[in-house]
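So you know, we letter chains A, B, ... as the sequences are listed, proteins then strands, and number each from 1.
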Protein chains: 2
Amino acid sequence: MDDPADHLKSIADLARLAGVSVSTVSRALTGKGALNKGTRARIQALADQHGFRMNVAAQNLRLGRTGAIAVLLPMGPERGRQLADPFFVTMLGCLADALTDRGYDLLLSRVVPQGDDWLGSFIRAGRADGIIVVGQSTQSAALDRAAAHYRPMVVWGAGSADNMHVTVGTDNVAGGVLAAHHLIARGRRRLAYFGAVSVPEFAARHQGFLDGLPDDLRDEVDLVPTAMTPDQSFRAAADYFAAGHRPDGVFAASDVVAMSIMAAAAEQGLRVPQDMAVVGFDDILLARFAHPPLTTIRQDIEAGARALVDLLVRRIEGQNAGTVQIAPELVVRESS
Amino acid sequence: MDDPADHLKSIADLARLAGVSVSTVSRALTGKGALNKGTRARIQALADQHGFRMNVAAQNLRLGRTGAIAVLLPMGPERGRQLADPFFVTMLGCLADALTDRGYDLLLSRVVPQGDDWLGSFIRAGRADGIIVVGQSTQSAALDRAAAHYRPMVVWGAGSADNMHVTVGTDNVAGGVLAAHHLIARGRRRLAYFGAVSVPEFAARHQGFLDGLPDDLRDEVDLVPTAMTPDQSFRAAADYFAAGHRPDGVFAASDVVAMSIMAAAAEQGLRVPQDMAVVGFDDILLARFAHPPLTTIRQDIEAGARALVDLLVRRIEGQNAGTVQIAPELVVRESS
DNA sequence: CTGTTAGCGCGTTCAA
DNA sequence: TTGAACGCGCTAACAG
């Protein structure tokens, strides 16, 4: 069974051993095509007796497919730590599971979006049967251009009516509304939003937040723009508090940002939630164990990953399936 | 340039268009083999004028390789959230970068270690030119069995002299010693260790911790065994404190565990670091922004990833390179 | 039910 | 310097 000497490296070797033709072996091992029960069993027995596995690459070449789905992570200029973002990482794990269940391999590729045709070039290399793009959607022009000629591609992010490409994403506007209603219900009136605004999904969270407020408060909300990394959001929050701002309710565009804000607040002696309520977005693994445990808008990552894969598979099969939105959910803990 | 009609799908199409043979196109595009400067330039121009890219799968089949490295994540029984662990995830990102730099694709595969030959079976499928195994090393028997016949495989984890397989990993014992010395220097005497002990790398951290203590304290250390997830470690810590234990210094086998402990401590009104100093392991992204900012033993994940890839590539090339250890580093913040 | 044959898209001898 | 022919390991149409 694991004698290294008897190394069968192709179905031809196995065919010779079994005294049959290669196509018979092929039929026996794939289970496709008509074949005598007996010979099929005999060949299968022989195969795993010798630990033989067919060469997937050759099989795929012949079938005109690759058996793999590429997950593309377009990287921003701040190359490096991006994949450390707990949200993306969890998404990746769920995608791996969903794709495995469908019989696909997951080809992970971090790409630097540059040149006019980085995506088209990747597509034409034919390394994958389909593409899932995960990242902050600042590349929608490139995505649209590719989507015009290439169908098996789905994108995680903020869908927009005028996108050519299909997306799956949390309803960020609805999430912002949830946060607004919650803070209002907690009696908070001096409000602030922390997060990126140039990236569509975060802009939508901000917009939803404003939408959810009563008219008289909407113009009073502080907008504190910041990159979504722990360092930068910590700095933004520290500066903001140092400048004397004292909001009593804060909505952060992600849990990482929320936790950084709480760290900065603690340094200033601000108590959460007494002096200031904090609401995050994502519900990452550590949110429950933040100090204090973080109230947040939960994204159902697992459902998102499944939806991405379902949609992609349907498009690979030629169906014309379209954009999906996933409802966010308020999770109340002790930070608010 | 992106006219969809002119879709060249093989070098044969391009050859016809250029009025040359397929082998000439092959030579022009790969840059290998002798060829007239002029025709090479002409064919290359024609290729990217039509956005033509060679089929990587066919190229690899012919070259007898796949161009991909598989990253295997053996999953424990607690299927699911494992990949959410910030450490693994960061490692994955760094591996993606390191492999991309070497021209390899990254094939991500979560495997359920079951049956006697899950690894051998994966290997013989020929989906990758090499394998990197990342995970808690409870599978060393299976790894050794595979390593006996299969050379291009490297493992992240705790190397041991009697392993057949080669590993790259942080020196966990040295990390434990660092933690011990630090807590002692802070005047702590009632000590506890939180973490798994059945998994070699965590057992080594525990062992190092004990090694680093003066003889009279070694036997006094509380060992609090717990799985490494936030939920389970939180529960373990809550129970431990509820039982009346009051250590003044704690070493946690990971930052996630450390943060859970601090959350549980806060619920009991224990102050960190005044009542109890806490030292973690890993230095994940959020460690700086924990409350209070977490003192920890830093693993250099980027160096680890680079070492894994270097080692693997060397073994693919036939060299007999062996196990590498990476030195951990104490990062002092406010939790101790 | 099984074997023969012809490719999938590319690299690489061997001749010309 | 270029082209023709063969094969990487496999599947599928067509015979028998």
Side-chain angles (χ1 to χ4, degrees), chain A residues 6-44 46-47 50-68 103 105 121 123-129, chain B residues 6-44 46-47 50-68 103 105 121 123-129:
Chain A
D6 69 355
H7 208 51
L8 307 179
K9 53 190 301 279
S10 78
I11 57 176
D13 296 344
L14 186 52
R16 207 168 303 122
L17 199 70
V20 296
S21 75
V22 288
S23 41
T24 299
V25 174
S26 171
R27 284 187 277 252
L29 265 34
T30 58
K32 300 195 306 203
L35 199 55
N36 179 305
K37 285 286 179 200
T39 48
R40 165 160 298 155
R42 189 168 57 87
I43 292 173
Q44 277 173 342
L46 212 54
H50 289 260
F52 176 77
R53 294 275 316 255
M54 283 201 291
N55 181 308
V56 180
Q59 188 172 33
N60 286 332
L61 176 64
R62 179 58 232 242
L63 294 175
R65 38 163 259 165
T66 68
D105 286 331
S121 173
I123 290 169
R124 285 191 305 272
R127 279 205 280 263
D129 297 334
Chain B
D6 70 354
H7 207 52
L8 307 178
K9 54 189 300 281
S10 78
I11 59 174
D13 296 344
L14 186 54
R16 208 167 302 122
L17 198 72
V20 297
S21 74
V22 289
S23 40
T24 300
V25 173
S26 172
R27 283 186 277 252
L29 264 35
T30 57
K32 300 194 311 201
L35 199 56
N36 180 305
K37 285 285 180 199
T39 48
R40 165 161 296 156
R42 186 167 61 85
I43 292 173
Q44 278 174 342
L46 212 54
H50 289 260
F52 176 78
R53 297 272 317 254
M54 283 200 292
N55 182 307
V56 180
Q59 189 170 32
N60 285 332
L61 176 64
R62 178 59 235 243
L63 294 174
R65 38 162 261 162
T66 69
D105 286 330
S121 172
I123 290 169
R124 286 190 305 272
R127 279 206 281 263
D129 296 335

Please check if the side chain of [X] supplies one atom and the backbone of [Y] the other of a donor-acceptor pair under 3.5 Å.
X	Y	value
A:Gln44	A:Ala28	yes
A:Arg127	B:Asp105	no
B:Thr24	B:Val20	no
B:Arg53	A:Ser121	yes
A:Thr30	A:Ser26	yes

Please check the phosphate of [N] (OP1 and OP2 only) for any side-chain N or O of [X] closer than 4.0 Å.
X	N	value
A:Thr39	C:dT2	yes
B:Ser21	D:dG3	yes
A:Thr24	C:dG3	yes

In whole angstroms, how far is the [atom2] atom of [N] from the [atom1] atom of [X]?
X	N	atom1	atom2	value
B:Arg42	D:dT1	CZ	P	15 Å
A:Lys37	C:dT2	NZ	P	12 Å
B:Arg124	D:dC10	CZ	P	14 Å
A:Arg127	C:dC10	CZ	P	14 Å
B:Leu8	C:dG9	CG	P	13 Å
A:Ile43	D:dC10	CD1	P	13 Å
B:Asn60	D:dC8	CG	P	16 Å

Find which nucleotide of DNA chain C each of A:Gly19 and B:Lys9 is nearest to by heavy atoms, and output the residue with the more 5' nucleotide.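 The 5'-side residue here is A:Gly19.
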I'd like to know if the side chain of A:Thr66 pairs up with that of A:Asn60 as donor and acceptor (distance under 3.5 Å, no hydrogens or angles considered).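 No, because no side-chain N or O of A:Thr66 sits under 3.5 Å from a partner of the opposite role on A:Asn60.
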For every nucleotide of nucleotides 11-16 of chain D, 5' to 3': is a protein heavy atom under 4.0 Å from its base (B), only from its sugar-phosphate (S), or from neither (-)? BBB---
With a non-hydrogen cut-off below 4.0 angstrom, is B:Leu61 in contact with a base, only sugar-phosphate, or nothing?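 Base: the residue B:Leu61, judged by heavy atoms under 4.0 Å, touches a nucleobase.
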Closest-nucleotide mapping onto DNA chain D: is A:Arg53 or B:Arg40 further toward the 5' terminus? I mean the 5' end.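 Closest to the 5' end, via its nearest nucleotide, is B:Arg40.
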I'd like to check A:Leu29 versus A:Arg40 (side-chain heavy atoms, cut-off strictly below 4.5 Å). Are they in contact?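 No, their side chains stay 4.5 Å or more apart.
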